[in-house]
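Heads up, the thing below is written out as structure tokens.
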Amino acid sequence: MVASGKGFGGSFSGPVLGRRGVFALGGLSAGAGVLSACGGNTGRGEADGDGPVLSQWYHEYGEAGTQQAALDYAAAYPDARVGVEWIPGDYDAALSSGLLAEDEAPDCFESHLNRGMVEAGQLEPLDDLVADVIDDIPESDLARNTLDGTVYGIRMIDDPQYIVYRPSMFEAAGIAGPPETFDELVDMAVELDSGEVKGIDFGEASGADRLGQHMIHSLGLSFIGADRQAGFDDARMAEGAGSVRRLSESGALLLGAPTAWWDPSSMLQGLTAMSWTGLWTMPALLEGLGDDIGIFPCPGFAGGAPTVFNGGWSAFVNANGPNVEAAKAFTKWLWVDHEEFILDWCLSYGFHIPSRLSLRAQADELTSGPAAEAVAIADEFGWAEDPDWTPAMNTAVNDMMSNIVIEGADPEEELAAAVATVNDELDGIFG
């Protein structure tokens, strides 16, 4: 699926752990060597007494206070010494290499479930950890961490991703409200573009790295069909890609923003009237813009429905680690048993939807204003990743969009190429 970035929900969070590696099913592969340096970690170090020593990996979150919170949780654990590795830069590449390292591999880590990781023997089953709370886990969160009936991950946070806009700028331009179609979005972006203030910020890739996957869901298609072949071989995909190309060619996109799309700075600095974002930025936007905030889902393509990608992260245990049972015990302690830590992680640094139904009922911060709207559109239009969707399949759809939108390639030819690549992958997996 779509990738995860530095925010809590990251970008479009999906299982994108680099391009396809040496494993037959797209599992994690050795990259340019094992991670040599990590930011702000406690290190594996030596055990105190007879207790085990564990290494826990996070990507580098952008929200202030998150690193210290992770360290505080680890320090509170009484049954092992837990070293927190805060990984800057390309987390996917670091994890890909790290899981193959004998001495530096993490015992527990955050990621997204992918069949290749399971087939490569890298993930420990966690059914026993969630057995007592399985009815409290939202169905979609359980599905995205389950493969062939086995649970491999525990959802940490859910982060809907959508478009945020400035109602005051809409009013000044005479625009009545959010767009209902993607073509309307393009027209509005052009109308809102004043030169100094651009129409919309979709990131440096002009949306090509995420909108192809939204298009699949918008059109009621599937990533993988019931026949285990690409489920998006539909002429409307080419039509939708043409709309994204029109946006790219319109001049209304914010390019060269001071920060990546997952950071709300472009909105806070008044550089754009609309921006792709996620729920994690809501506290900063509320503080900086007050009530001048509105949100809407990704509009529909080629007659399709609106969509919201429900991103986020899940906790996993390295099946090849030296202390598998100790790592499972810590993972359960933090992400199942200690509800106060889960709520703190979800609500104290950015806003995120807790991945337990009972905890969602306690998330008062998400019950009013734009945050409540985000929860509502996530429920109505949301979709999540498919564990059978490999990094190579993800790359095929992203390349299709990039070639059409940025390079001006023929949409029908690019769609056919992406479908062929995905079908080759699926044939290799399922035979």
Side-chain angles (χ1 to χ4, degrees), residues 3-6 10 15-23 25-62 66-77 79-114 116-126 129 152-154 156 313-335 391:
S4 289
K6 289 201 175 184
V16 266
L17 293 166
R19 294 175 182 265
R20 188 176 186 182
V22 297
F23 298 112
L25 300 174
L28 296 173
S29 61
V34 177
L35 182 72
S36 60
C38 300
N41 64 79
T42 63
R44 189 179 286 270
E46 297 295 331
D48 294 329
D50 296 327
V53 180
L54 303 175
S55 174
Q56 180 188 28
W57 282 23
Y58 294 84
H59 80 288
E60 184 183 26
Y61 285 87
T66 51
Q67 184 177 2
Q68 186 58 52
L71 291 169
D72 290 343
Y73 304 154
Y77 186 57
D79 297 328
R81 178 177 176 182
V82 181
V84 174
E85 301 280 357
W86 199 253
I87 311 297
D90 191 342
Y91 178 76
D92 295 342
L95 181 61
S96 179
S97 298
L99 285 174
L100 297 178
E102 292 186 7
D103 298 327
E104 300 295 330
D107 295 288
C108 36
F109 56 92
E110 61 178 11
S111 187
H112 309 92
L113 180 60
N114 179 277
M117 300 169 74
V118 175
E119 297 295 333
Q122 295 174 320
L123 302 181
E124 181 70 14
L126 303 181
L129 270 59
Y152 290 98
I154 300 173
M156 299 156 56
W313 293 88
S314 298
F316 296 89
V317 170
N318 181 3
N320 300 312
N323 297 294
V324 172
E325 291 305 314
K328 288 179 63 177
F330 171 67
T331 299
K332 182 176 185 295
W333 177 88
L334 179 54
W335 298 118

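- Residues forming a side chain to side chain contact (heavy atoms under 4.5 Å, CB included) with Gln68 (at least two apart in sequence, or on another chain): Leu71, Asp72.
- A distance of 6.0 Å separates CD of Gln122 from CG of Leu100, quoted to the nearest 0.5 Å.
- The two residues Ser55 and Ala105 come nearest to each other via the heavy atoms CB-O, 4.4 Å.
- Contact record, Ala315 with Trp335: CB-CD1, 3.5 Å, taken as the closest heavy-atom pair.
- Without hydrogens or angle criteria, Ser96 side chain to Asp92 main chain gives no donor-acceptor distance under 3.5 Å.
- A distance-only check finds no donor-acceptor pair linking the side chain of Glu104 to the backbone of Gly98 [under 3.5 Å].
- In this structure the side chain of Phe316 never reaches within 4.5 angstrom of the side chain of Met117, judged on heavy atoms.
- The CG atom of Leu126 sits 5.0 Å away from the CD1 atom of Ile154 when rounded to the nearest 0.5 Å.
- Closest heavy-atom contact between Trp86 and Ala70: CZ3-CB, 4.0 Å.
- By the 4.5 Å heavy-atom criterion applied to side chains, Val118 and Leu113 are counted as neighbours.
- You'll find the side chain of Asp107 reaches within 4.5 Å of the side chain of Pro322, heavy atoms only.
- Distance CD1/Ile87 to CG/Leu95: 8.5 Å, rounded to 0.5 Å.
- Pairing each heavy atom of Val84 with each of Ala74, the nearest pair is CG2-CB, 3.6 Å.
- The aromatic rings of Phe330 and Trp333 lie parallel to each other, with less than 30° between the two planes, well short of the 60° mark.
- For the pair Glu110/Tyr91, a side-chain contact is recorded, criterion being any heavy-atom separation below 4.5 Å from C-beta on.
- In terms of heavy-atom proximity, Val317 sits nearest to Phe109 at C-CE2, 4.1 Å.
- Using a 4.5 Å heavy-atom threshold, the side chains of Trp313 and His112 count as touching.
- Looking only at distances, no side-chain donor or acceptor of Tyr77 sits under 3.5 Å from a matching main-chain atom of Leu334.
- Within the 3.5 Å criterion, the main-chain N or O of Gly121 finds a donor-acceptor partner in the side chain of Asn320.
- Here the closest heavy-atom approach between residue Pro106 and residue Leu99 is recorded as CG-CD2, 3.9 Å.
- Checking Tyr73 against Gln56 by side-chain atom types alone, no donor-acceptor pair falls below 3.5 Å.
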